[in-house]
S.K.: 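I have a structure I would like to understand better, so I am pasting it below and will then ask my questions one at a time.
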2 protein chains.
Amino acid sequence: MTELQDGVGAASERIAAYLRDAILFGDLLPGQWIRQEEVAARLGTSRLPVREALRMLEAEGLTEHEANKGSRVPLLDQHEVDVVYQMRERLEPLALTESLPHLTADQIEHMEHVQARIEADVQLTEFLVLDREFHLTSYTACPSEQLVTTISRLWNSTQHYRRAFMLLSGPDRRWVVNSEHRLLLDAIRRKDPVDGERYLSGHIRRTRIELAQHPEVFAAPPS
Amino acid sequence: MTELQDGVGAASERIAAYLRDAILFGDLLPGQWIRQEEVAARLGTSRLPVREALRMLEAEGLTEHEANKGSRVPLLDQHEVDVVYQMRERLEPLALTESLPHLTADQIEHMEHVQARIEADVQLTEFLVLDREFHLTSYTACPSEQLVTTISRLWNSTQHYRRAFMLLSGPDRRWVVNSEHRLLLDAIRRKDPVDGERYLSGHIRRTRIELAQHPEVFAAPPS
DNA sequence: ATCCCACGGACTGGATCCAATCACAAGGAA
DNA sequence: TTCCTTGTGATTGGATCCAGTCCGTGGGAT
């Protein structure tokens, strides 16, 4: 999606950023093999930094590696995605509670701004980016590195299915998301971890259950 | 600890296994830099597979990488370890509930056998291995790959602090662990997820709170 | 004596070449 | 026709060499 800015940072980092975008924006679909040489040629480097980049992405839950066969975007079945959402239901409230006392007024203002854009702009791709931004911002003040990176991994690995779901559910239920976000934001403003955890886990749980009613999202793609 | 079995599997996998053991058994301490060349010379390979191995370990939460400076075992502060334990309190009961219906009689028998050895053998290193084996076995039938690997990462990253804690708390409270394990095992035998989650989260929570009373475990090691 | 800059060693990062492995397709035998 | 086997092309895995970066050290100037 975004073009590669050459010269900035280490090559492996740039390649990782390029592939990360390609996966999160849906240019690379689950199950699709990622050929090292192809990526290297596309970005004008050797295969070596590509290999390093693929390992980094693996650590972020964006790819999986098979010996002598290569890397690909993981293909999850419906139950696995359901469990990931259950993991989020349990971990994200913890992250919120840990983050809440350290959240600055600026960061809360940023969430307000992001939510306003979510309500104004209904483009799918933009929504996915902003929704992610909204939630992850609320965890930025969390003092535990592990917790935040684990949650990021969970978001990463289910991004494709979130997009497919939003695509066929349409904007009809978008108002529910907005209401939940508003209530969550209010609890954060009041620095109330109890209400925060309640609205957050409810938000994730409702999404999980609605997603469970759309098994067609998990139809095997053509090989 | 265990010697490298040369010729078996890919080099990077063997190196990863070697380093993994070194970290989990405490030969490599948190904060300690891992020199690629040193490892390569020690194992008779070039630096390249060592780099790959370090990326793999990073994905497992065993090392962290800094650009142009190298990899090292992450150094966690007391609060971060506390949060990791809280994550375990929330995730492991979920894994148990997911695994429970699919656990075979053989696997439960294996847990019984491991627990018997825990009660018999009080060696520290052996205890750490067996305790890990006991819990992870109860999750092996969990159908979600992500959940199990995430939990493994959490165990990995806190292994050193678990050892340090057991070392200075001594075997006095070992009977508590055994009672908790026995109750958990009984709930698993009865295929009762409610009791299983209760005993499991209690087990982890008690450990977390006892660990919180030993801040000396987190004293900065000499540079 | 103290601060600054330049040099050097040590280490990681990247490129190229070669080896090993796997998948697939074509051909032969039952 | 169907199954097994074998060979070939494509792709990943590994080794060696070279470039880039960081950090500490030592000399010189103020």
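Residue numbers begin at 1 in each chain, while the letters A, B, ... track the order of the sequences.
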S.K.: May I ask you to verify if any side-chain N or O of A/S12 is less than 4.0 angstrom from the OP1 or OP2 atom of C/dG14?
M.R.: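 Checking C/dG14 against A/S12, a side-chain N or O does come within under 4.0 Å of OP1 or OP2.
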S.K.: Check each residue of residues 65-73 of chain A for a non-hydrogen atom within less than 4.0 Å of any atom in DNA chain C, then write out the ones that pass by number, or none.
M.R.: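 Listed by number, they are A/N68, A/K69.
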S.K.: Sequence neighbours excluded, which residues qualify as salt bridge (Lys or Arg N to Asp or Glu O under 4.0 Å) partners of B/E210?
M.R.: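 By the salt bridge (Lys or Arg N to Asp or Glu O under 4.0 Å) rule, B/E210 matches B/R173, B/R206.
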S.K.: Please list all pairs passing the ring-ring contact (aromatic ring centres under 6.0 Å, His included) test where one or both residues lie in residues 59-102 of chain A, with sequence neighbours left out.
M.R.: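 Sorted result for residues 59-102 of chain A: empty, none.
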S.K.: From A/R132 CZ over to A/T137 OG1, what is the distance, rounded to the nearest 0.5 angstrom?
M.R.: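 Reported value, rounded in 0.5 Å steps: 11.0 Å.
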S.K.: Quick one: list whatever passes salt bridge (Lys or Arg N to Asp or Glu O under 4.0 Å) with A/R51, sequence neighbours left out.
M.R.: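 Once residues adjacent in sequence are excluded, the partners of A/R51 under the salt bridge (Lys or Arg N to Asp or Glu O under 4.0 Å) criterion are B/E52.
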S.K.: Just how far is it from atom OG of B/S144 to atom CD of A/E80, taken to the nearest 0.5 Å?
M.R.: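 One finds 4.0 Å between OG of B/S144 and CD of A/E80.
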S.K.: Test of understanding: with side chain to side chain donor-acceptor pair (under 3.5 Å), list the residues that count as partners of A/R117, not counting sequence neighbours.
M.R.: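 Here the qualifying residues are A/E126.
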S.K.: Taking salt bridge (Lys or Arg N to Asp or Glu O under 4.0 Å) as the test, write out the residues that go with B/E133, two or more places apart.
M.R.: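 For B/E133 there are no salt bridge (Lys or Arg N to Asp or Glu O under 4.0 Å) partners, ignoring immediate neighbours.
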S.K.: Holding to ring-ring contact (aromatic ring centres under 6.0 Å, His included), I want the full list of residues that pass it with A/F134, two or more places apart in sequence or in another chain.
M.R.: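 Residues passing ring-ring contact (aromatic ring centres under 6.0 Å, His included) with A/F134: A/H181.
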S.K.: Run the side-chain contact (heavy atoms from CB on, under 4.5 Å) test on B/Q159 and B/L62 for me, step by step, so that the C-alpha distance in whole Å, both residues' side-chain angles and the decisive distance to 0.1 Å come before the verdict.
M.R.: CA-CA 9 Å; B/Q159 171 94 347; B/L62 283 169; over 6 Å; no
S.K.: For the pair made of CZ in A/R35 and P in C/dA23, what is the distance, rounded to whole Å?
M.R.: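 These atoms are roughly 11 Å apart.
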S.K.: Can you tell me how far C1' of C/dG14 sits from CE of A/M56, to the nearest Å?
M.R.: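 Taking CE of A/M56 and C1' of C/dG14, I get 12 Å after rounding.
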S.K.: Treating B/R153 as the side-chain partner and B/A59 as the backbone partner, does any N or O pair qualify as donor plus acceptor under 3.5 Å?
M.R.: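 At least one qualifying donor-acceptor pair exists.
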S.K.: Determine which pairs satisfy ring-ring contact (aromatic ring centres under 6.0 Å, His included) with at least one residue from residues 148-171 of chain A, sequence neighbours left out, and list them in order.
M.R.: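 Sorted result for residues 148-171 of chain A: A/H135-A/W155, A/Y161-A/F218, A/F165-A/H214.
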S.K.: Got a salt bridge between B/R35 and B/E38, using NZ or NE/NH1/NH2 to carboxylate O under 4.0 Å?
M.R.: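 Salt bridge: no.
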S.K.: For the helix from C/dA1-D/dT30 to C/dA30-D/dT1, what angle lies between the axis at the first five pairs and the axis at the last five pairs, to 10 degrees?
M.R.: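 What I find for the helix from C/dA1-D/dT30 to C/dA30-D/dT1 is an axis angle of 10°.
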S.K.: Using a heavy-atom distance cut-off of less than 4.0 Å, which residues of residues 46-53 of chain B contact DNA chain D?
M.R.: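 Under 4.0 Å from DNA chain D: B/S46, B/L48, B/P49.
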S.K.: Give A/L54 one of three labels, base, sugar-phosphate or nothing, depending on what nucleic acid heavy atoms sit under 4.0 Å from its own.
M.R.: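 Touches nothing.
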S.K.: Using salt bridge (Lys or Arg N to Asp or Glu O under 4.0 Å) as the criterion, list what pairs up with A/E112, not counting sequence neighbours.
M.R.: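 For A/E112, the residues satisfying salt bridge (Lys or Arg N to Asp or Glu O under 4.0 Å) (neighbours in sequence not counted) are A/R182, A/R189.
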S.K.: Take the protein atom CD of B/Q36 and the nucleotide atom C1' of C/dA10, then report the distance between them rounded to whole Å.
M.R.: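 Between C1' of C/dA10 and CD of B/Q36: 12 Å.
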S.K.: What are the bounds, 5' to 3', of the part of DNA chain D that sits under 4.0 Å from heavy atoms of chain A?
M.R.: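 First and last nucleotides in contact are D/dT11 to D/dG14.
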